[in-house]
Novice: 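The structure that follows is given in the form of structure tokens.
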Amino acid sequence: MAAGLLTALRERNGFAPELVNDVILGCGEPSLEQVSDVAKAVTFAAPGFSHVPGIQVNRFCGSGLEA
């Protein structure tokens with residue numbers, strides 16, 4: 001879902017993926033695949049963003065606010 005959002009933001013705003021320095025996502029309760037870096041998985045899934053570092057913030061319920 002986040003990869004689709006990243007792709008839609010790029011299409012809507014017309015920026016080059018090279019201008020993105022980081023993708024930072026919050027994960028409230030990581031489990032299964034989310035235990036690894038879900039933000040990096042998003043950059044691999046969104047076309048053109050595989051070079052962008054992805055950082056996952058785990059602050060439980062405050063993850064979205066922290067990210």
Side-chain angles (χ1 to χ4, degrees):
M1 191 161 81
L5 174 65
L6 189 57
T7 302
L9 283 171
R10 183 191 55 170
E11 290 172 356
R12 186 172 107 185
N13 297 307
F15 63 87
E18 294 80 30
L19 297 175
V20 178
N21 294 325
D22 292 298
V23 171
I24 303 171
L25 295 176
C27 188
E29 191 172 332
S31 61
L32 301 174
E33 297 88 18
Q34 296 171 340
V35 174
S36 63
D37 189 352
V38 71
K40 186 57 189 171
V42 166
T43 66
F44 282 135
F49 289 91
S50 62
H51 70 282
V52 178
I55 301 166
Q56 176 174 305
V57 177
N58 181 7
R59 299 284 189 255
F60 300 99
C61 293
S63 294
L65 294 173
E66 184 76 23

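Any value given below was found using the heavy atoms of this structure, including those in side chains, with hydrogens, waters and symmetry copies removed.
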Novice: Under 4.5 Å between side-chain heavy atoms, hopping through other hydrophobics if needed: is there a path connecting Phe49 to Leu9?
Specialist: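 Per the 4.5 Å side-chain linkage, Phe49 and Leu9 are co-clustered.
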Novice: Would you kindly confirm whether Val23 and Leu5 end up in one hydrophobic cluster when ILVMFWY residues are joined by side chain heavy atoms under 4.5 Å apart?
Specialist: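 Yes: a chain of side-chain contacts under 4.5 Å links Val23 to Leu5.
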Novice: For residues Gln56 and Ala39, report the shortest heavy-atom separation together with the two atoms involved.
Specialist: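 Shortest heavy-atom contact: N-CB, 4.2 Å.
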Novice: Within this structure, what is the CG-CG distance for the pair Asn13 and Leu19, rounded to the nearest 0.5 Å?
Specialist: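 Answer rounded to 0.5 Å: 11.5 Å.
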Novice: If you take all heavy atoms of Glu18 and His51, which pair is closest and at what distance?
Specialist: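 Result for this residue pair: CA-NE2, 3.7 Å.
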Novice: What pair of heavy atoms forms the shortest contact from Ala2 to Leu25, and how long is it?
Specialist: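 Taking every non-hydrogen atom into account, CB-CD1, 4.1 Å.
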Novice: Locate the shortest heavy-atom distance separating Arg10 from Phe15; write the atom from each residue and the value.
Specialist: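 Smallest heavy-atom distance, with atoms named: CG-O, 3.0 Å.
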Novice: Check Pro53 against Thr43 and note the closest heavy-atom contact, atom names and distance.
Specialist: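 Closest pair (atom of Pro53, atom of Thr43, distance): O-CG2, 4.4 Å.
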Novice: Indicate if Val52 and Val42 have the same hydrophobic cluster label, given that clusters are the connected sets of ILVMFWY residues with side-chain heavy-atom separations under 4.5 angstrom.
Specialist: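 The answer is yes; both residues are in one hydrophobic cluster.
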Novice: Work out which heavy atom in Thr7 is nearest to a heavy atom in Ala46; give both atom names and the distance.
Specialist: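 Thr7 and Ala46 have their closest heavy atoms at OG1-CB, 3.8 Å.
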